[in-house]
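Below is one structure, written out as structure tokens; the observations come after it.
Only a predicted model underlies this, so the values are computations on that prediction, with no experimental measurement involved.
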Amino acid sequence: MAAQPPPAPPAVEARFAELCKELGVGEGVAGEAAALLDEAKGALLGAPSVGGRSAKDAERLCLAFVLYCAVKLKGRKEGSGIRLCEILKGCKLKYDDFFKEMQQIGLKIEKILESRYGRDWEGHLELKQLESLVNLLADASRFYRKAYNELFSSSTTDQEPGSATNIPDYFLFGWNLFLMLRSRSPELFKDLVSCIHGLVAVLAILLIHVPAKFRSFTIESSSHLIKQSEEGVDIIASLCHNYHTSEERLKEIMDKSHRAIEDFFGVKALSASKCKTENLDKIDTDGLMCFNGLIDEESFQLNLKKLEKLCDSNSWEWELDLKLFLSNDYIPSAEKSSGGSTNLGCSKRAFETLASPTKTIKNMLTVPCSPPSPVNGGSVKIVQMTPVTSAMTTAKWLREVISSLPDKPSSKLQQLLSSCDRDLTNDVTKRVSIVLEAIFPTKSAADRGGSIGLNCANAFDVPWAEARKMEASKLYYRVLEAICRAESQNSSVNNLTPLLSNERFHRCLIACSAELVLATHKTVIMMFPAVLESTGLTAFDLSKIIENFVRHEETLPRELKRHLNSLEEQLLESMAWEKGSSLYNSLIVARPSLASEINRLGLLAEPMPSLDELVARQNVLVEGLPATPSKKRAAAPDDNTDPRSPKRLCNESRNTVVERNLQTPPPKQSHIVSANLKAKCHPLQSTFASPTVSNPVGGNDKCVDITVQIFFSKILKLAAIRIRNLCERIQYVEQTERVYNVFKQILDQQAALFFNRHIDQIILCCLYGVAKVCQLELSFREILNNYKREPQCKPEVFLSIYVGTRNRNGILGSHHVDIITFYNEVFVPAAKPFLVSLIASGTRPEDKNPNSQISGSPKPSPFPNLPDMSPKKDLLLSPSSRSFYACIGEGTHAYQSPSKDLAAINSRLNYNGRRINTRINFDMVSDSVLAGSLGQTNGGSTSLDPAAAFSLPSKKRKPDT
């Protein structure tokens, strides 16, 4: 009898149904998940994973994401008890893998999720907050393991990754005790610094109760317990010294821990001085407490099981299995757990990512003892700091330098405030109280009618929030005084009243102070840009103060400078270009030619909410508020609105604007970086002045002109670093200057390309455009593969690019396309004049010496005529125009026959099924294969006109009127 063929593997739907059955998913949620999978599987599973994973791994990631969406967005309403940790365990995934790919998966089915669950589906999933929480707990667990091994004999805590066996009981008891404290007071441990204090408190409790024979040291010769008193070793002071914790804060947490232990285990806390045990020999027992029956032979195992049961059934972080953090299973690696920070290795590029784009204006963000540039032959030596050591070091600075300051303006600052046209002291103190209450609310969630959750800023512990408010206010007063002193010495400033009465300036300074406090404690709630949302500021507002903040706070730790640099990069690269940014209110005055496009897209920022509105949001009653701009009145100096440019829609289409701009040759001189030094002597009050106010330094420029020039110069510096890094990766360093010059001209003359976009999207297109002009063997795939290795890379940069459109009724809409579609349909028409100039100067690789300047003007080599690959167009490009546009895919199947290539094309053109394709289609054919299969030769005509090389498809259209 013939052998039966093996059964076909079950379909993805069957595997998904089996997964739901194994996890015990309810019928309703399972049906919702199946429906979501059916609608989304084309976009999720119809193509290889962009992350380069195998098809099997990609499927498991997608199934986990779909099931979690169904459970979280619908199942919670129906009482579903399935947790994320159970889903990941069922799919055999680690937290690290899941969080790494979740954003890219979400992008693929964004429209589907929005149609099923509403626009705020991403906020309801809380995945970003969960990822931060996982990173926090991973950092905390690594600290606990290291500290425990320093204090106790426990070689088995260094087990192999993934092992959850042979974990010492005392080690496990300490971690579960920490989790019990978190479950009872979750608001206390929402930041890394508080978690480390909690773990140090647990270590102190273990030192008091665990038998001395398990210690890895003796009291007489210990290098860990170095603080001595007349009565013996001071355990609390020694631990605080070793781990940079606050002794006062540690004692507070220990008191709360004692009360929690009493309540949970039903044992009474006793003064350690009354406990005559071997553990307390030669230890100063003053202020210490001990518990009989907590860790003795009779009750230890029972107490341990009780703790484990609590962690299994009543974890506050419901979605996570907190016991897994004792092993390396399902948790991120040490390199990836620092909240997305850059790996500080000894590479040139790693150091440059820390360099602020503003440092060439004022070298203020350079870390102390900066090494010489690698370009000049120097070596980079950067001391690696773990997230815990970084947090504890900066917390120590905040505690010792800032917390010791007065909680009100100093006498010198009061003198400066009272010397204005009117005394502004009361206004300043009132404003600080209101704005910081908006950032650190001290009213409980119950009082506000809300609930505690990962996404809830109201979940702060009131004493914790009050302490953070105090730290932020003291830092604000300190930097404000330094700024006032510096501004008063500026020869261009005759009066500080315009600056000190500027509402936006003060809010930016307060917001920056609060953000540094939050960054110091590494909280998992109120993550950036929450501080902007709480204060009513925009990213462009905050970008104006960062450099000045660093310059005037000389004691700022290096890690906080790096944090501000990271924020500044985020602001420059994309956040300042988002809809609603106050940048656009400045651009319509500084660049009137952009006003119509800004108004057409509705990009202008709303007026900044007044202090009264902030008070109304927080339900706080504060009397005697300083006067602030109001939405209801006409545009005022601080509103950053131009009465000449009301928010109205432009009647011109995007194509008309592009075509008109293309008819004007690029000017010979860029306006971005002027030869004079106005930016260097630009007073701070001018930075925050109304866009229409004249520059006090002199000349015909308005304040906003210099402000925009400074902002654009920062953009160029950031772009220059990234362009050089990317050109080095792809080994085309000689093209760096060309790519930079094209980018610079676009920013100067076609700045609308940046609206609602990321600067890396423009950089990638500039690089590919230059490669096409220079006839380099460089595909978009190769560029993106190298870009993915850059530290700032995010998948949405090349997968989801904004394109504004209008429907038949003239209503403005938008959709997002991949990088190749954007390049062909939007970038090429806008950037044509700048790439034309490269052809005119000569660009063939064989005519270039990498070590010499560009010379000669050789003619472009002949290229075959190729059709436009887009199904939306039915005409052919002009002969040399093809050499500039991106053929979708550009040859990824080097050994595939032409007939299969054409079959692949036809299958894609004829596919009419419902599918949202959000990946870049690299699976089309190469230029040469397609030309050969169509019977074309390389003898296509070549235009002698440089502009013809970038002409659009020769469609017949009506002449512009």
Side-chain angles (χ1 to χ4, degrees), residues 190-194 196-197 240-241 243-252 364-365 367-368 385 388-414 416-417 425 428-429 431-433 435-440 442 460-486 505-523 526 528 531 534-535 542 545-565 567:
K190 287 194 173 181
D191 67 272
L192 185 58
V193 173
S194 295
I196 299 305
H197 278 81
C240 289
H241 172 78
Y243 303 115
H244 304 292
T245 52
S246 164
E247 190 168 343
E248 180 183 0
R249 177 67 172 160
L250 183 60
K251 288 180 178 179
E252 291 177 2
M364 299 306 302
L365 294 186
V367 297
M385 294 188 72
V388 171
T389 56
S390 170
M392 302 312 292
T393 301
T394 54
K396 185 177 181 180
W397 167 81
L398 200 60
R399 185 170 63 248
E400 296 181 354
V401 177
I402 303 303
S403 295
S404 60
L405 298 173
D407 58 357
K408 60 182 180 180
S410 66
S411 57
K412 177 60 177 178
L413 181 56
Q414 290 185 39
L416 292 168
L417 293 171
T425 305
V428 167
T429 56
R431 181 186 296 107
V432 170
S433 176
V435 176
L436 287 180
E437 176 63 26
I439 299 173
F440 302 104
T442 54
F460 287 128
D461 172 54
V462 172
W464 187 94
E466 290 288 359
R468 303 296 80 77
K469 286 169 64 176
M470 186 63 67
E471 291 168 345
S473 64
K474 291 178 178 181
L475 180 57
Y476 160 73
Y477 288 138
R478 176 185 175 97
V479 179
L480 177 62
E481 179 180 340
I483 289 176
C484 289
R485 288 174 181 267
F505 161 71
H506 284 288
R507 287 205 203 174
C508 287
L509 199 57
I510 295 170
C512 196
S513 301
E515 175 59 31
L516 287 181
V517 169
L518 287 167
T520 293
H521 292 273
K522 295 190 182 297
T523 177
M526 283 295 291
F528 190 80
V531 68
S534 299
T535 55
L542 192 64
I545 202 66
I546 289 179
E547 182 188 351
N548 284 280
F549 199 104
V550 175
R551 181 188 300 130
H552 293 103
E553 182 43 65
E554 297 178 353
T555 68
L556 202 64
R558 181 178 64 177
E559 292 303 314
L560 291 184
K561 291 180 181 180
R562 288 177 176 175
H563 178 71
L564 287 179
N565 171 59
L567 292 188

Q: Might you work through the side chain to side chain contact (heavy atoms under 4.5 Å, CB included) test for His197 and Met392, ending with a clear yes or no?
A: CA-CA 10 Å; His197 278 81; Met392 302 312 292; 3.9 Å; yes
Q: May I have all residue pairs that pass side-chain hydrogen bond (donor to acceptor under 3.5 Å, both in side chains) and include part of residues 511-521, sequence neighbours excluded?
A: Arg468-His521, Glu471-His521, Glu515-His563
**Q.** Whether Thr429 side chain and Thr425 backbone form a donor-acceptor pair below 3.5 Å
**A.** yes
Q | Spatial distance of atom OG1 (Thr555) from atom CD1 (Ile402) [nearest 0.5 Å] | A | 5.0 Å
**Q.** Side chain proximity check, Arg249 to Trp464, heavy atoms < 4.5 angstrom
**A.** yes
(Q) Return the SG to CG distance between Cys512 and Leu567, rounded to the nearest 0.5 Å. (A) 8.0 Å
Q. Is there side-chain contact between Val428 and Leu413, with at least one heavy-atom pair below 4.5 Å?
A. no
Q: Might you point out which heavy atoms bring Ala472 and Ala514 nearest each other, and give the distance in Å?
A: CB-CA, 4.0 Å
**Q.** Donor-acceptor under 3.5 Å (Glu437 side chain, Thr442 main chain)
**A.** yes
Q: Could you grab the distance from atom NZ of Lys251 to atom OG1 of Thr245, nearest 0.5 Å is fine?
A: 11.5 Å
Q: Would you check if there is a donor-acceptor pair between the side chains of Arg551 and Asn548 at a distance under 3.5 Å?
A: yes
Q) Can you name the closest pair of heavy atoms from Leu542 and Ala511 and give their distance? A) CD1-CB, 4.4 Å
Q) Rounded to the nearest 0.5 Å, how far does OG1 of Thr393 lie from CG of Leu398? A) 12.5 Å
Which donor-acceptor pairs under 3.5 Å do side chains of residues 474-486 form with protein atoms, sequence neighbours excluded?
residue: Lys474; atom: NZ; partner: Ser403; partner atom: O; Å: 2.7
residue: Lys474; atom: NZ; partner: Leu405; partner atom: O; Å: 3.2
residue: Tyr476; atom: OH; partner: His506; partner atom: ND1; Å: 2.7
residue: Arg478; atom: NE; partner: Glu553; partner atom: OE1; Å: 2.6
residue: Arg478; atom: NE; partner: Glu553; partner atom: OE2; Å: 3.3
residue: Glu481; atom: OE1; partner: Ser410; partner atom: OG; Å: 2.5
residue: Glu481; atom: OE2; partner: Arg485; partner atom: NE; Å: 3.2
residue: Glu481; atom: OE2; partner: Arg485; partner atom: NH2; Å: 2.9

Q | Minimum heavy-atom distance between Cys508 and Ile545, given as atom pair plus value | A | O-CG2, 4.0 Å
Q: Could you tell me whether the side chain of Ile510 reaches within less than 4.5 Å of the side chain of Thr535, counting heavy atoms only?
A: no
Q) To the nearest 0.5 Å, what is the distance between NZ (Lys522) and OG (Ser390)? A) 4.5 Å
(Q) Working to the nearest 0.5 angstrom, can you tell me the gap between Phe440 CZ and Leu518 CG? (A) 4.0 Å
**Q.** 4.5 Å side-chain heavy-atom contact, Ser473 and Leu436
**A.** yes
**Q.** Nearest heavy-atom neighbours spanning Thr523 and Asp191
**A.** CA-CB, 3.4 Å
